[in-house]
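Below is one structure, written out as structure tokens; comments come after it.
In the text below, chain A, chain B and the rest are named by the order of the sequence lines, each starting its count at 1. Side chains are part of it too, since the values below use all heavy atoms of this structure and drop only hydrogens, waters and symmetry mates.
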Amino acid sequence: MKELATKYDPKEVEDRIYKSWLEGKYFHAQPNPEKKPYTIVIPPPNITGQLHMGHALDNTLQDILIRFRRMQGYDTLWLPGTDHASIATEAKIVAAMKEEGITKEDIGRDAFLERAWEWKAKYGGRIIEQLKKMGSSCDWDRERFTLDEGCSKAVREVFCNLYEKGLIYRGERIINWCTHCKTSISDAEVEYEEHDGNFWHLRYPFKDGTGSIEVATTRPETIPGDTGVAVHPDDERYKHLIGKTVIIPVIGREIPIVADTYAKMDKGTGAVKITPAHDPNDFEVGLRCNLPVINVMTDDGFMNEKAGKYAGMTLMECREAIVKDMQQAGALIKIEPTKHEVGSCYRCHTVVEPRVSKQWFVKMEPLAKPAIKAVRDGKTKFIPERFNKIYFNWMENIRDWCISRQLWWGHRIPAWYCNECGEITVSREEPSKCCKCGSTYIKQDEDTLDTWFSSALWPFSTLGWPEKTPELEHYYPTSTLVTGYDIIFFWVARMIFSACEQMGEVPFDTVFIHGIVRDELGRKMSKSLGNGIDPLVVIDKYGADALRMTLATGNSPGNDMRYSEKKVEASRNFANKVWNAARFILMNLDENEPVPHIPEELALEDKWILSLFNNLTKEVTDNLEKFELGVAIQKLYDFIWDIFCDWYIELAKIRLQTGGEKAKQVKAVLVYVMSETLKLLHPFMPFITEEIWQTLPHNGETIMKAAWPVYNEKLVFESDEKKMEIIMEAIKAIRNRRSEMNVPPSRKAHIYIATENKDIFDIATVFMQRLASAADVTVGDSFDIPGAVSIVTASAKIYIPMGDLVDFEAERKRLNKEKETTEKKLAQINAKLSNPGFLAKAPEAVIECQKAEAAKLTEKIKMIEESMLAMQ
RNA sequence: GAGGGUGUAGCUCAGUUGGUCAGAGCGCUUGCUUGACAUGCAAGAGGUCGAUGGUUCGAGCCCAUUCAUCCUCACCA
């Protein structure tokens, strides 16, 4: 018989086991039409990324689901891959080049991309290796990359499809501009934060010198871009001024007063300055009122030549200078402090400038509609359900999606401009000439696509689309998408509308949403706070199973959780418990012990544990199917520790010592329950369960492919469960009394049990010797033992002669107190049972249960009274 | 401005469709070299389930109001 080491050493076990899984190709999936598919596509981590707790949680949950379904017999595919992360990666490479003193413009596009690919080759696989440390059972043979050939083909296909349908267009719009990344970003990529700011109230004089009009701004640096002042057409105060010309103070440019309903009469002074190039609302007003658009900023955050004397200043310098000049010119009326939301880039946290720019956009409304319907119709379900609302809210108010980025690392936009006629040729393949005039003087768009444009296609691009592959046929639509709520807008929503449009079908049945892992104090883990916990460090210290168990335990869908090392310790202790239980069992097995069957003949405790295990199987399966992973692991924990180890193994020792047939019997049950429980535990703690399972007598190569336990009618032993409960209640009561009296376990005592359930307590005799420090047990109808401690349970009166240890006064008090609490309980139940409403409306089973409870309590009170009488 | 989450033992949190649901882990107290495990065993203390009202025979769970706290989205001349 193989042996387990005295101590579980995750470091030694995990790498060895993972390697054996890889060698066995157990993670690999091949489309098998005979079997039902279960598919998960991984949320592709950025190639720039390092494994953090968020990944650890996300991948633990996915691996639990995948391993569970694999064991259930599904044709299971967990498809891994990485995301090229255009902004993040490009920023890293630019930063690295800066160290060398060169810019990307210095070396040009091709050389830059060469460097990027080199970088990818060097670091892109790092996070994948880290995922493996977690035990992730991805099909690594199918690993994909958003910028690989297949994904790129899918991207071009989708771009062209949408363009041909008129759902992608190019135009001048206000977009969010990051002056650090020097690219446009989408609305979703802007994070807002409240900042202290000011309203600067300014006086714009009329050209004819007849007065002035007051306007206010929070961004004085945009004043050089003002091209109008708007008032509401019905505003009596200003009606007569419409059409008048005002002069921008300091700047000196003349601009008209225009009428537009955007100006709200009850807001501010009712007059609003219009800067079409730097504000989305102003842009619209500008269009309606035919105002010119003057962009006063450079793409790296300076004022440009249009800003006149302010050119070359940073935006902040310009703000200060303008305010100062306005004041000197007497145009500044007042400064009113205020708080306002300032947008910043979600990648680099630089303040984002709204700015007019020619970009590519996806027209969202026609795409959003079917995507909303799909979720409304339940084709894709969010778990927990409340995320439906968040999804709907976003989708229903969505604006067009700016998809072009002024970056090089990414999918280049498949559009070519004709130098002769200006026509745009959009094509899947590189065109040789203009589609309109046939000129060969064409040039491809310099920009690349938003990273999320390619990740939006992930569920089908990775399965081979636009080719009709067997994989796509079999594994699509995927089953479950596991991700955090922070990424619903970026990714989940975009996958749904992309799939609806391209595939005519939702990308997944279920979106299983989890929260974020916070630090011990409930703060978000972040680089700037330096409070991040490195999962790899935790794995190194406690093992991957312990980390996984920690992340699964107490995790409820959609909610954040706090990480603490104490929790990992608890999980590590649990692993240790499982390990030692197995060691104990193995210690008692013979060489070449065959794989056991459940014996024909079973003792009471065998039936009890089998029955409880059987229930556990049902509940854990049920919980996993409903994505209640935290509940499932809690049940496993309780069963293994409190039921199997603390009771069954202790009871098993009796027959193991006896030897012979009885020992054989109990060994079979021990091995059976242990190895079946390991299967239920395997999705949560894959390494330790595999290591132990391999050591126990088993059939098959790996626990990974062992059949998931199923509920078995033959293992239902309800009456035996009840009998065991009666015995356990008695044992606990005895322990309790002895403990209260400070009797050490070494001091054995005679125990007398007066009961109507003599058959049960006859069996319990040996149990009591083992677990309740009984020297001997006498079972009978009634006893009269002077000077004994008496203990009353619902089914027995127990006497323990304790001689001088007994304080009769205290005994009486204790019994009295117990009687009182029991009577209180009984009164509560009787109140229910005498309530006609309860009797009429409560289900039969509930009433029966209450009646039984009442009977038990009545019996108990009777016995307490008898005991008290006997003490007189 | 709109929407949402959370509030349960000292701490961190479970509690699945309203009826053995008042729970777990950690911490705390007490006692144990119990033949797998001190990363352990046994016993114990500790909670009006944020507050108030309602629905119901019955509410930690459903509804309304309210307080606290966190988050998301939107807007701001």
[atom1]-based separation of [M] from [N] [nearest Å]:
N	M	atom1	result
B:rG15	B:rA24	C1'	10 Å
B:rG35	B:rC26	P	23 Å
B:rC28	B:rU65	C1'	39 Å
B:rG7	B:rA14	P	7 Å
B:rU69	B:rC57	P	38 Å
B:rG27	B:rC21	P	27 Å
B:rU8	B:rG3	P	25 Å
B:rA22	B:rA68	C1'	24 Å

For the pair made of [atom1] in [X] and [atom2] in [N], what is the distance, rounded to whole Å?
X	N	atom1	atom2	value
A:K7	B:rG40	NZ	P	10 Å
A:Q828	B:rC57	CD	C1'	15 Å
A:I488	B:rG4	CD1	P	15 Å
A:D9	B:rU39	CG	C1'	14 Å
A:F584	B:rC41	CZ	P	14 Å
A:M561	B:rG5	CE	C1'	16 Å
A:M685	B:rU39	CE	P	17 Å
A:N835	B:rU56	CG	P	13 Å

Below the 4.0 Å mark, does B:rC41 have OP1 or OP2 next to a side-chain nitrogen or oxygen of A:K577?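 Yes, such a contact exists.
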Which one is paired to [N], where only Watson-Crick or G-U wobble pairs with both distances under 3.5 angstrom count?
N	value
B:rC32	B:rG40
B:rA51	B:rU65
B:rA14	none
B:rG3	B:rC71
B:rG19	B:rC57

Please work out if [X] contacts a base, only the sugar-phosphate, or nothing of the nucleic acid, heavy-atom cut-off 4.0 Å.
X	value
A:E650	base
A:P836	nothing
A:K389	sugar-phosphate
A:S746	nothing
A:K825	nothing

Starting at the 5' end of RNA chain B and moving along, which residue's nearest nucleotide shows up first, A:N580 or A:T553?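 Looking at the nearest nucleotide for each, A:T553 comes out on the 5' side.
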If you pin A:L839 and A:R583 to their nearest nucleotides in RNA chain B, which one's is more 5'?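 Checking each residue's closest nucleotide, the 5'-ward one belongs to A:R583.
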Side chain of [X], heavy atoms from C-beta onward: which of [options] has the nearest atom to it?
X	options	value
A:P745	B:rA43, B:rC32, B:rA36	B:rC32
A:F838	B:rA36, B:rC37, B:rG19	B:rG19
A:N559	B:rU34, B:rA14, B:rU39	B:rA14

I'd like to know if [X] and [Y] make a salt bridge, using a cut-off of under 4.0 Å between side-chain N and carboxylate O.
X	Y	answer
A:K626	A:D622	yes
A:E740	A:R737	yes
A:E818	A:R814	yes
A:R562	A:D519	no
A:E650	A:K653	yes
A:E353	A:R219	yes

Would you indicate whether [X], at its atom [atom1], is surrounded by more than 12 heavy atoms from other residues, nucleotides or ligands within a distance under 6.0 Å?
X	atom1	result
A:E191	CD	yes
A:K813	NZ	no
A:K264	NZ	yes
A:E194	CD	yes

Scan nucleotides 21-27 of chain B against the protein and return all N/O pairs shorter than 3.5 Å with their distances rounded to 0.1 Å.
unit_1, atom_1, unit_2, atom_2, d
B:rA24, O2', A:Q634, NE2, 3.3

For the residue pair [X] and [Y], does the interplanar ring angle fall in the parallel (under 30°), tilted (30 to 60°) or perpendicular (over 60°) class?
X	Y	value
A:F644	A:Y648	parallel
A:F512	A:F627	tilted
A:W394	A:F489	parallel

Using heavy atoms and a sub-4.0 Å distance, could you list which residues of residues 735-744 of chain A are near RNA chain B? By number, please.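 Nucleic-acid contacts, sorted: A:R735, A:N736, A:S739, A:N742.
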Note, A:L586 side chain near A:E593 side chain (heavy atom, < 4.5 Å):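 No, side chains not in contact.
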Side-chain contact test, heavy atoms from C-beta onward, threshold under 4.5 Å: evaluate it for A:Y563 versus A:V538 and give yes or no.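 Yes, their side chains come closer than 4.5 Å.
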Looking at the base of B:rU12, is there any donor atom on it, or on the side chain of A:R562, that sits under 3.5 Å from an acceptor on the other one?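 Looking at the base of B:rU12, it does not pair with any donor or acceptor on the side chain of A:R562 (distance under 3.5 Å).
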What about A:E628, does its side chain sit under 3.5 Å from the base of B:rA14 through a donor-acceptor pair?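 Answer no: no donor N or O sits under 3.5 Å from an acceptor.
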When every nucleotide of nucleotides 69-77 of chain B is labelled 5' to 3' by its protein contacts under 4.0 Å (heavy atoms), B for base, S for sugar-phosphate only, - for none, what sequence of letters results? ---SSSBBB
